[in-house]
There are 2 protein chains.
Amino acid sequence: MDQPARKVLIADDEPDIREFLQYNLSAEGYEVFTAKDGDETLEKAKRIQPDLIVLDVMMPKKSGVEVCQLLRSQSAFKDTIILMLTALNDDGSHIKGLETGADDYIGKPISPKVLVSRINALFRRLSKPKAGVLNMDSISIDPEQYIVTVEGKEISLAKKEFELLYLLAHRPGRVFLRNEILNQVWGNDVIVGDRTIDVHIRKIRQKLGVDCITTVKGVGYKFEV
Amino acid sequence: MDQPARKVLIADDEPDIREFLQYNLSAEGYEVFTAKDGDETLEKAKRIQPDLIVLDVMMPKKSGVEVCQLLRSQSAFKDTIILMLTALNDDGSHIKGLETGADDYIGKPISPKVLVSRINALFRRLSKPKAGVLNMDSISIDPEQYIVTVEGKEISLAKKEFELLYLLAHRPGRVFLRNEILNQVWGNDVIVGDRTIDVHIRKIRQKLGVDCITTVKGVGYKFEV
DNA sequence: TTTAAATATTAAGTTATTATTAACTCTGCA
DNA sequence: TGCAGAGTTAATAATAACTTAATATTTAAA
């Protein structure tokens with residue numbers, strides 16, 4: 001289940017802090033980049049498209065608040081997570097930071113463990129699930145390799161079976177109408193009998209051995225963990 | 001288009017703090033509810049289905065951490081925003097709180113302005129407007145998933161039952177004539193006996209366990225919360 | 001209060017939809 | 001060529017959803 005590592009850009013003018021944060025975040029498995037002033041931050045943010053930016057408020061060239069505002073005004077950074085970091089721990093700047101569009105605001109000094117834990121929490125809630133490997137309790141689905149793993153056991157599905165399962169599983173809980181399934185898996189123009197879907201569903205259920213596909217009679221099917 | 005106010009549940013055992021937070025959050029336009037211990041929090045959370053819970057860690061009955069864990073283990077609270085509030089401002093509990101599934105963690109004392117501003121930030125990023133989902137007090141109806149949730153419990157309705165409920169519920173208070181219901185749910189041309197509607201209404205009432213459909217004799221039915 | 005109409009309730013009957021199974025076609029490959 | 005697996009179809013079984021009908025209860029008007 002190897003996702004590409006999440007990219008974090010650290011923007012701070014103090015080399016010590018950059019190094020310190022870089023060390024701790026790398027150890028957590030993030031891919032870390034650094035910038036030492038506002039302009040460099042903007043430039044690198046554009047190039048790297050980080051998932052999260054740790055932004056010091058007090059920086060040369062452009063302040064963290066300015067950088068934050070500029071980033072938020074561009075649609076490409078609409079979903080980039082921004083964590084403000086600052087020695088200015090008074091309420092005024094705290095509020096201003098958050099209102100500029102930052103997602104979190106932490107005063108220095110802060111323990112690396114707390115920082116990492118806050119970053120993890122931010123990712124847990126904010127990051128969009130990337131297309132790719134789906135990971136549910138006990139089931140994972142890898143579209144690259146056409147491999148499904150149930151409780152550690154690898155199970156091989158045929159192409160159509162896999163596509164059908166992936167369609168359902170990429171939005172757990174959502175009911176897919178038979179028509180939707182036909183369009184997505186078979187294509188708009190292909191005409192197949194109605195029972196074809198059922199047969200595939202059955203094979204999937206049989207092979208997985210776990211009951212994760214629910215029939216919604218008269219409507220369609222949905223995937224549930 | 002007026003969204004219903006966002007619901008915030010404040011859980012703290014100190015009356016002063018409850019009142020203080022209630023005042024400040026109400027002033028911001030939130031609809032505020034309070035609970036004074038862990039059990040009450042769970043009970044009210046189920047009933048009210050708040051968008052955000054401010055959770056004190058140190059509470060009688062059940063601690064904030066316990067409550068957070070219990071809530072997160074239920075799918076109905078998967079998207080509820082949880083903000084932990086505590087006097088325990090050491091790093092250990094900070095980390096533990098976040099790892100339990102809280103979305104933010106703030107140490108007391110904290111200025112009301114900062115709290116409000118953090119809550120606004122959380123809403124800005126975390127609240128996802130779901131298309132089509134109807135959310136009433138304690139009842140939510142999700143046409144995408146064909147799922148009805150009553151006080152946290154998922155209830156499965158059959159197709160016609162769901163469509164009928166959705167029809168009534170999407171305009172709470174409005175009376176639907178039997179004819180309208182037949183046309184909308186069954187279609188203009190279908191002919192079914194008059195009692196068919198009654199039977200479906202009954203099943204819905206039975207399954208939901210809550211009396212939210214009112215009979216208007218000689219006219220039709222309406223949905224009320 | 002009585003009465004008639006409307007709705008609620010229940011269980012049984014009917015239909016529609018899905019599950020299952022097996023046979024058949026097609027394709028690629030040894 | 002013939003095998004093996006994928007994909008489809010078709011026939012039958014099973015099941016859940018829906019409808020009906022019979023009876024009971026409620027409601028509002030007389």
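Side chains are part of it too, since the values below use all heavy atoms of this structure and drop only hydrogens, waters and symmetry mates. Quantities reported herein were computed from a predicted structural model and do not represent experimental measurements. Lettering follows sequence order; numbering is per chain, from 1.
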Item checked: For Arg202(A), salt bridge (Lys or Arg N to Asp or Glu O under 4.0 Å) partners two or more places apart -> none

Margin query: Quick check on dA8(C): is either OP1 or OP2 less than 4.0 Å from any side-chain nitrogen or oxygen of Tyr221(B)?
Written below: yes

Check: CD1 of Ile181(A) versus C1' of dG7(D): gap in Å, rounded?
Finding: 16 Å

Margin query: Output the rounded distance in Å from NE2 (His200(B)) to P (dA8(C)).
Written below: 14 Å

Checklist line | All salt bridge (Lys or Arg N to Asp or Glu O under 4.0 Å) counterparts of Glu14(B), not counting sequence neighbours | finding: Lys108(B)

Checklist line | Terminal axis angle for the helix from dT1(C)-dA30(D) to dA30(C)-dT1(D), five pairs an end, nearest 10 degrees | finding: 20°

Next item on the list: Take the protein atom CD1 of Ile191(A) and the nucleotide atom C1' of dT9(D), then report the distance between them rounded to whole Å.
Entry: 15 Å

Notebook entry, point to check: Whole-Å distance between dT26(D) P and Ile201(B) CD1?
Noted result: 18 Å

Item checked: Whole-Å distance separating the NZ atom of Lys159(A) from the P atom of dG7(D) -> 7 Å

Next item on the list: Would you kindly give the CD1-to-C1' distance between Ile197(A) and dT20(C), to the nearest whole Å?
Entry: 16 Å

Grab the N/O contacts between the protein and nucleotides 28-30 of chain C below 3.5 Å, and write none if there aren't any.
none

Check: Does Trp186(B) put a side-chain nitrogen or oxygen below 4.0 Å from OP1 or OP2 of dC18(D)?
Finding: no

Next item on the list: Establish, with yes or no, whether the OP1 or OP2 oxygen of dT18(C) is under 4.0 angstrom from a side-chain nitrogen or oxygen of Arg178(A).
Entry: yes

Item checked: Short side-chain N/O contact from Thr215(B) to OP1 or OP2 of dA8(C), under 4.0 Å -> yes

Only pairs under 3.5 Å count here: list side-chain donor-acceptor contacts from residues 18-27 of chain B, not counting sequence neighbours, and write none if there are none.
residue: Arg18(B); atom: NH1; partner: Asp12(B); partner atom: O; Å: 2.8
residue: Asn24(B); atom: ND2; partner: Phe20(B); partner atom: O; Å: 2.8
residue: Ser26(B); atom: OG; partner: Gln22(B); partner atom: O; Å: 2.7

Next item on the list: Check salt bridge (Lys or Arg N to Asp or Glu O under 4.0 Å) between Lys36(B) and all other residues, then give those that pass, not counting sequence neighbours.
Entry: Glu40(B)

Margin query: Going by the rule ring-ring contact (aromatic ring centres under 6.0 Å, His included), which residues pair with Phe176(A) if we only count those two or more places apart in sequence or in a different chain?
Written below: none

Check: Just how far, in rounded Å, is P of dG7(D) from CG of Leu165(A)?
Finding: 14 Å

Exercise answer: donor-acceptor pairs, residues 211-225 of chain A side-chain atoms, under 3.5 Å, sequence neighbours excluded:
residue: Thr214(A); atom: OG1; partner: Glu224(A); partner atom: OE1; Å: 2.8
residue: Thr215(A); atom: OG1; partner: Arg205(A); partner atom: NH2; Å: 2.8

Notebook entry, point to check: Ignoring hydrogens and geometry, is there a side-chain-to-backbone donor-acceptor pair from Asp37(B) to Lys61(B) under 3.5 Å?
Noted result: no

Anything under 3.5 Å between a donor and an acceptor, one on a side chain of residues 186-199 of chain B, the other on a protein residue two or more places apart or in another chain? List them.
residue: Arg195(B); atom: NE; partner: Asp198(B); partner atom: OD2; Å: 3.3
residue: Arg195(B); atom: NH2; partner: Asp198(B); partner atom: OD2; Å: 2.8
residue: Thr196(B); atom: OG1; partner: Gly193(B); partner atom: O; Å: 3.2
residue: Asp198(B); atom: OD1; partner: Arg178(B); partner atom: NH2; Å: 2.2
residue: Asp198(B); atom: OD2; partner: Arg178(B); partner atom: NH2; Å: 3.4

Checklist line | Touch class at under 4.0 angstrom, heavy-atom based, for Thr196(B) against every strand present | finding: base

Margin query: As a test of reading the structure: which of dA6(D), dA8(C), dC18(D) is closest to the side chain of Arg195(B), going by heavy atoms?
Written below: dA8(C)

Notebook entry, point to check: Between dC18(D) atom C1' and Ile204(B) atom CD1, what is the distance in whole Å?
Noted result: 13 Å

Pairs: protein N or O with nucleotides 10-16 of chain C N or O, under 3.5 Å:
residue: dT10(C); atom: OP2; partner: Arg202(B); partner atom: NH2; Å: 2.3

Checklist line | Residues which pass side-chain hydrogen bond (donor to acceptor under 3.5 Å, both in side chains) with Asp104(A), listed by chain and number, not counting sequence neighbours | finding: Arg118(A), Arg118(B)

Margin query: Quick one: does any side-chain atom of Lys44(B) pair with a main-chain N or O of Leu9(B) as donor and acceptor, under 3.5 Å?
Written below: no

Margin query: Tell me every residue that passes salt bridge (Lys or Arg N to Asp or Glu O under 4.0 Å) with Glu163(A), counting only those two or more places apart in sequence or in another chain.
Written below: Lys159(A)

Checklist line | Nearest-0.5 Å distance that lies between atom CD1 in Ile201(A) and atom CG in Leu165(A) | finding: 8.5 Å

